[in-house]
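Below is one structure, written out as C-alpha cells; the observations come after it.
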There are 2 protein chains.
Amino acid sequence: MTIITYDYFMPETHAAPERFPVTVDVVALTVRDGELNVLLITRLIEPFRGKLAFPGGFVLAGEDLLEAAGRELAEETGVEHLPGHLEQLGSYGPKGRDPRGDVLTVAHLLLAPDFPVLSAGSDAEQAAWYPIRDVLEGRLELAFDHARILDDALERAKSKLEYSPLGAAFCGEEFTIAQLRSVYEAVWGTRLDPRNFHRKATGTPGFLEDTGRMTTGDAGRPAALFRLAPDARPTPGQPTRAVLNPPLMRPQAVDPK
Amino acid sequence: MTIITYDYFMPETHAAPERFPVTVDVVALTVRDGELNVLLITRLIEPFRGKLAFPGGFVLAGEDLLEAAGRELAEETGVEHLPGHLEQLGSYGPKGRDPRGDVLTVAHLLLAPDFPVLSAGSDAEQAAWYPIRDVLEGRLELAFDHARILDDALERAKSKLEYSPLGAAFCGEEFTIAQLRSVYEAVWGTRLDPRNFHRKATGTPGFLEDTGRMTTGDAGRPAALFRLAPDARPTPGQPTRAVLNPPLMRPQAVDPK
DNA sequence: AGCTTTATTGTCAACATGACGATAATTACC
DNA sequence: GGTAATTATCGTCATGTTGACAATAAAGCT
C-alpha cells in the first residue's frame with residue numbers, strides 16, 4: 001500500500017495547493033425587550049439579492065480571523081468600539097455554499113448588549129436588529145447557508161449560558177439580577193423563577209460582584225447593581241472557561257492510596 | 001462617515017479577494033494504558049524538520065472540511081475506516097503560523113479507541129501515538145502553532161467528558177464501566193471513585209445501555225458490558241448535544257401564570 | 001395612606017453528591 | 001482445592017443543591 005503524504009508547499013505535491021477565498025461572518029446576538037435579536041444586513045446584489053445575511057466579508061492579507069471579524073462588524077454597523085464578547089463559532093464550506101464558487105467562511109459569535117447601528121444611506125447594505133423568532137418561524141429568509149449557521153450560533157449561545165458567565169455579556173457593565181434573568185429567559189425561551197435565579201446567581205462563587213449601587217426610578221423596589229467578578233470576565237476571542245458549573249461528571253479527586 | 005462594504009466577488013471591491021491556502025489538521029486522541037495519547041507525524045522537510053506535527057494537509061477543491069480531515073487522517077495512518085468521533089475544533093491563522101506564508105488551518109478533534117497505525121517505509125512521514133504528557137512536559141516539540149492547538153483540543157476534550165456522552169468515543173463498541181472510568185481519569189488526570197462513578201454512569205438516563213454480556217478472563221469479578229444508548233450516539237461532525245448534564249443554570253420552566 | 005409592583009430573604013421536601021463500608025464473583029497463588 | 005488478591009457492584013449516610021412557593025421589603029402610583 002502506498003501512503004500519499006501531502007505537505008504544505010511541498011514541490012512534490014501533485015499540484016499547487018488549492019487556494020480559497022476566506023470570509024468571516026458575525027452572528028451578533030442581543031436581547032431587546034425580552035426577545036433575542038440578531039444583526040442582519042440586507043443584500044443589495046446577487047446572489048440572494050434582497051435577502052438578509054450576517055455582516056461579514058473577506059479576510060484580508062495579514063489579518064487574523066478574529067481581527068477580520070471585528071473589522072467587518074465595525075465597518076458594517078458604523079460602530080467603532082464593539083461591546084460584548086466576540087468568539088469564533090466554526091468554519092463552513094468551502095463546498096456548495098455560494099453559487100459563484102467555493103468559499104470558506106469562519107463564523108463568529110458576538111454576544112452583546114443592545115447597541116444602535118448606524119443608519120447608512122440607501123445605497124449601503126443596511127444593518128439592523130431583527131427578532132430571531134421572525135427568522136426561525138420563516139417570516140424572514142437568510143442568504144447562503146446562514147440559517148444553518150444561525151442554528152449553530154443559537155445552540156452555542158444557549159450552552160454558553162448554561163456553563164459560563166457569558167450571559168452577562170448581553171448586559172452592560174452593571175446590571176440587576178432581573179436584567180440578567182431576562183437574558184437567560186430570552187435565550188432559552190423559558191421563564192425562570194426570580195427567587196431561585198436570584199439565589200443561584202448571587203450564590204455562585206466567582207460569578208457576580210455587588211457594586212454597592214442600586215437602581216432608582218424604576219417601578220417597584222430598587223434592585224442592587226452587580227457586575228461580573230474579575231475572574232469571570234471573558235477574554236475576547238478566548239473560549240471562556242466555565243466558572244460556575246455543576247457538570248455532569250466532575251473531576252472528583254480521590255486519595256491515590 | 002463613509003461605510004465601506006465588502007462583498008464576496010463584488011467587482012467594486014478594491015482588489016480581488018485574497019485567497020489563502022487552507023489546510024485541515026487532526027488532533028487524534030486516544031487512551032492507552034490509562035494515559036492520554038496523541039497521534040503525531042514526524043516532519044521530514046523544512047520548516048520544523050524532525051519536529052512532530054498533527055496529521056493534516058490541504059483541502060482539495062470540491063471537498064468539505066470534515067471530509068478533508070477524514071481523508072488526510074486515513075491517508076497518513078493507513079487506516080481505511082476511522083473509529084471514534086471526529087468533529088471540528090476551530091480555525092487558526094492565517095497570519096504568522098507558517099514561516100512560508102499565510103495559511104489558514106481548520107483543526108479537528110478525533111476521540112477514538114486505540115487503533116494501530118500503519119508502519120510506513122522510512123521515507124514516509126511516520127504517524128505514531130505519543131503520550132500527551134511527553135508533549136506537555138516539553139520532552140517532545142511540536143511544529144507550527146500545534147502546541148497551542150493541542151491545548152485547545154485538550155480543553156475541548158475535557159469539557160466534552162463533563163457535558164456529553166463522548167467519553168464513550170474512546171472506548172470500543174462495548175465497554176465496561178471501569179474502562180469508561182479510566183478514560184475519564186486519563187483525560188482529566190484525576191482518580192475517580194469507582195463506586196460513585198458506577199452509580200452516576202449507570203444512573204444517568206439515556207447514557208448507557210446494558211448489553212447483557214459480561215467480560216471473562218480478566219482478573220477479578222466479571223464486569224457487565226455496556227454500550228452507548230441510541231440517543232447518546234454522536235453524529236460524526238455534529239457538535240454532540242449533551243444528554244447527561246446537570247448544568248450551571250438550567251432552563252427551568254415555570255408556570256406562565 | 002393604601003395599593004401595586006418588583007426585589008430579596010426564607011422554608012421545606014426531594015434529589016444528587018462525596019465518602020466509604022460491605023458483599024459478590026472471579027483469577028492468582030500456595 | 002482452599003485461601004488470598006482483585007475487581008465489580010450495591011448500600012448507607014451526612015451534606016449540598018434544586019424546585020416550589022410563602023413572606024417580607026422598598027420603592028412608585030393614585
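The model shown is predicted, which means the values in this text are computed figures rather than measured ones. Keep in mind that the numbers below use all heavy atoms, side chains included, and drop hydrogens, waters and symmetry copies. The sequence lines fix the lettering, A, B, ..., with proteins before strands; numbering per chain opens at 1.
Judged by distance alone, with hydrogens and angles left aside, Arg221(A) brings no side-chain donor or acceptor close enough to the base of dA27(D) to form a pair under 3.5 Å. At a cut-off of 3.5 angstrom, counting only N and O atoms as typed in the model, there is no donor on one side facing an acceptor on the other between the side-chain of Arg195(A) and the base of dA23(D). For a distance-only test at 3.5 Å, the side chain of Asn196(B) qualifies as a donor-acceptor partner of the base of dA19(C). The base of dG10(C) has none of its N or O atoms less than 3.5 Å from a complementary donor or acceptor on the side chain of Arg199(A).
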Quiz item: Which is it for Ser91(B) and Ser91(A) under the side-chain hydrogen bond (donor to acceptor under 3.5 Å, both in side chains) test, yes or no, and what are the steps along the way?
Solution: CA-CA 7 Å; Ser91(B) 300; Ser91(A) 300; 2.5 Å; yes
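Closest-nucleotide positions on DNA chain C for Ile177(A) and Pro222(B) were compared, and the one nearer the 5' end corresponds to Ile177(A).
A salt bridge links Arg133(B) to Glu35(B): one of the charged nitrogens lies within less than 4.0 Å of a carboxylate oxygen. A salt bridge does not link Asp152(B) to Arg156(B): none of the charged side-chain nitrogens sits closer than 4.0 Å to a carboxylate oxygen.
Distance Arg213(B) CZ to dT26(C) C1': 18 Å, rounded to the nearest Å. Put simply, CG on Asp218(B) is 14 Å from C1' on dA28(C), counting in whole angstrom units. Computed from coordinates, the Leu192(A) CG to dA20(D) C1' distance equals 14 Å when rounded to whole Å. Rounded to whole Å, atom P of dT9(D) lies 11 Å from atom CD of Gln179(B). For Phe197(A) and dT6(C), the CZ to P distance is 17 Å, given to the nearest whole Å. Distance Asp193(B) CG to dG21(C) P: 11 Å, rounded to the nearest Å. Atom CZ in Phe226(A) sits roughly 12 Å away from atom P in dA7(C) (whole-Å rounding). If you take CZ of Arg191(A) and P of dA20(D), they are 14 Å apart, rounded to a whole angstrom.
Checked options Val135(B), Leu40(B), Asp134(B); the residue passing with Leu52(B) is Leu40(B) (criterion: side-chain contact (heavy atoms from CB on, under 4.5 Å)).
His198(B) has no side-chain polar atom (N or O) that falls below the 4.0 Å cut-off from OP1 or OP2 of dA8(D). Under 4.0 angstrom from either OP1 or OP2 of dA16(C) there lies no side-chain N or O belonging to Lys200(B).
For the residue pair Thr30(B)/Asp114(B), the side-chain donor-acceptor check at 3.5 Å is not satisfied.
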